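Note sheet for the following structure.
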Amino acid sequence: MTIYTGRGDQGQTDLRTMDRVSKDSQRIEAYGTVDEVNALVGVVRPTGYDGIDDDFSTIQNHLHIVQADFANPTPEDEDPVVREEHVEELEAWIDEADEELEPLESFVLPGGSDAGAALHHARTVVRRAERRAVDLAGTTPVNAEAIAYLHRLSDALFTFG
């Protein structure tokens with residue numbers, strides 16, 4: 001079996017429902033940008049800290065769920081979707097990390113280390129993914145928890161960075 005099929009050569013791709021859509025559709029833009037975030041989180045992992053590496057691995061798996069959620073216009077009960085507990089897990093990590101940080105008194109400049117800069121880069125791409133998801137939600141029903149997850153993820157990446 002080869003990795004290529006040629007099915008996308010004419011600028012269309014399949015949704016999870018096997019409906020064909022243009023590769024520049026709002027839906028593809030939303031989950032494609034989430035894919036970009038996932039790759040950027042992968043640049044940071046492994047950090048050498050087991051707890052953080054576990055969190056980043058979980059985030060990457062959650063991002064696959066966000067992608068599946070956006071790729072499926074008509075999810076059924078057994079289909080992967082972002083749920084409130086995914087958002088709550090991020091919130092718990094943010095709260096835990098925030099307890100160890102000094103209060104912010106100035107703007108944070110991205111950088112400080114390769115990993116820190118990569119997390120800030122990932123954060124900015126998450127914000128773009130969120131904008132793409134909000135744009136999609138303006139024209140078609142979208143799981144609000146998936147958008148909330150992206151919004152919270154940008155906060156988490158800022159906190160971790």
Side-chain angles (χ1 to χ4, degrees), residues 2-5 8 11 13-16 22-72 80-138 142-161:
T2 64
I3 187 88
Y4 59 88
T5 64
T13 192
D14 296 318
L15 296 177
R16 186 167 162 87
S22 174
K23 289 184 178 185
D24 70 351
S25 77
Q26 292 171 310
R27 188 171 296 281
I28 304 306
E29 281 290 330
Y31 76 71
T33 307
V34 173
D35 189 30
E36 191 177 345
V37 171
N38 204 338
L40 288 169
V41 172
V43 168
V44 177
R45 197 174 69 86
T47 64
Y49 298 97
D50 291 340
I52 293 290
D53 286 344
D54 291 344
D55 294 348
F56 285 150
S57 179
T58 299
I59 287 168
Q60 288 187 285
N61 283 304
H62 287 174
L63 289 170
H64 283 295
I65 296 169
V66 174
Q67 288 180 261
D69 205 330
F70 289 161
N72 192 352
V81 295
V82 178
R83 303 193 190 290
E84 184 177 4
E85 57 261 24
H86 295 112
V87 177
E88 290 171 348
E89 188 170 23
L90 277 178
E91 289 172 346
W93 293 339
I94 293 167
D95 292 343
E96 184 180 310
D98 202 37
E99 289 176 9
E100 298 178 20
L101 298 173
E102 297 293 324
L104 283 179
E105 296 179 4
S106 63
F107 287 104
V108 174
L109 297 177
S113 68
D114 289 344
L119 286 173
H120 280 287
H121 185 189
R123 176 188 55 80
T124 65
V125 177
V126 169
R127 292 176 63 129
R128 179 164 29 97
E130 181 186 8
R131 291 190 304 271
R132 297 292 187 264
V134 168
D135 186 44
L136 174 63
V142 172
N143 178 3
E145 292 297 336
I147 294 173
Y149 185 87
L150 293 174
H151 186 75
R152 210 67 81 250
L153 181 57
S154 69
D155 295 334
L157 294 175
F158 177 82
T159 303
F160 296 154

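Computed from a predicted structure; not experimentally measured.
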Assess whether side chain to side chain contact (heavy atoms under 4.5 Å, CB included) is satisfied between T58 and H62, documenting all intermediate values. CA-CA 6 Å; T58 299; H62 287 174; 3.4 Å; yes
Check each of E84, E89, E91 against R152 using the salt bridge (charged side-chain N to carboxylate O under 4.0 Å, His left out) test, and report the only one that passes.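 The salt bridge (charged side-chain N to carboxylate O under 4.0 Å, His left out) with R152 is passed solely by E91 among E84, E89, E91.
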By ring pair (Phe, Tyr, Trp, His ring centres under 6.0 Å) - contacts of H151 (at least two apart):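 With neighbours one apart ignored, the set is empty.
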Between [X] and [Y], which heavy-atom pair has the shortest distance, and what is it?
X: V44; Y: A118; result: CG2-CB, 3.6 Å
X: V82; Y: I65; result: N-CG2, 3.7 Å
X: L150; Y: V126; result: O-CG1, 3.0 Å
X: A137; Y: I147; result: CB-CD1, 3.9 Å

Determine, stepwise, if the pair L153 / V66 fulfils side chain to side chain contact (heavy atoms under 4.5 Å, CB included). CA-CA 12 Å; L153 181 57; V66 174; over 6 Å; no
Side chain to side chain, D35 and L63, heavy atoms closer than 4.5 Å: no
Just so I know, are the side chains of I59 and L90 near enough to count as touching, which here means a heavy-atom distance under 4.5 Å? yes
Contacts satisfying ring-ring contact (aromatic ring centres under 6.0 Å, His included) that involve residues 23-61 (not counting sequence neighbours) are F56-F160
Look up atom [atom1] in [X] and atom [atom2] in [Y], then write down how far apart they are to the nearest 0.5 Å.
X: L157; Y: I94; atom1: CG; atom2: CD1; answer: 8.5 Å
X: D69; Y: E145; atom1: CG; atom2: CD; answer: 10.0 Å
X: E96; Y: T159; atom1: CD; atom2: OG1; answer: 11.5 Å
X: L40; Y: T124; atom1: CG; atom2: OG1; answer: 7.5 Å

Could you check whether atom CZ of R127 has more than 12 heavy atoms from other residues, nucleotides or ligands sitting under 6.0 Å from it? no
For residues 23-33, the salt bridge (Lys or Arg N to Asp or Glu O under 4.0 Å) pairs (sequence neighbours left out) are E29-R132
Evaluation steps, side chain to side chain contact (heavy atoms under 4.5 Å, CB included), between L15 and I28: CA-CA 9 Å; L15 296 177; I28 304 306; 3.9 Å; yes
Hey, is the main chain of R83 close enough, under 3.5 Å, to the side chain of H86 for a donor-acceptor pair? yes
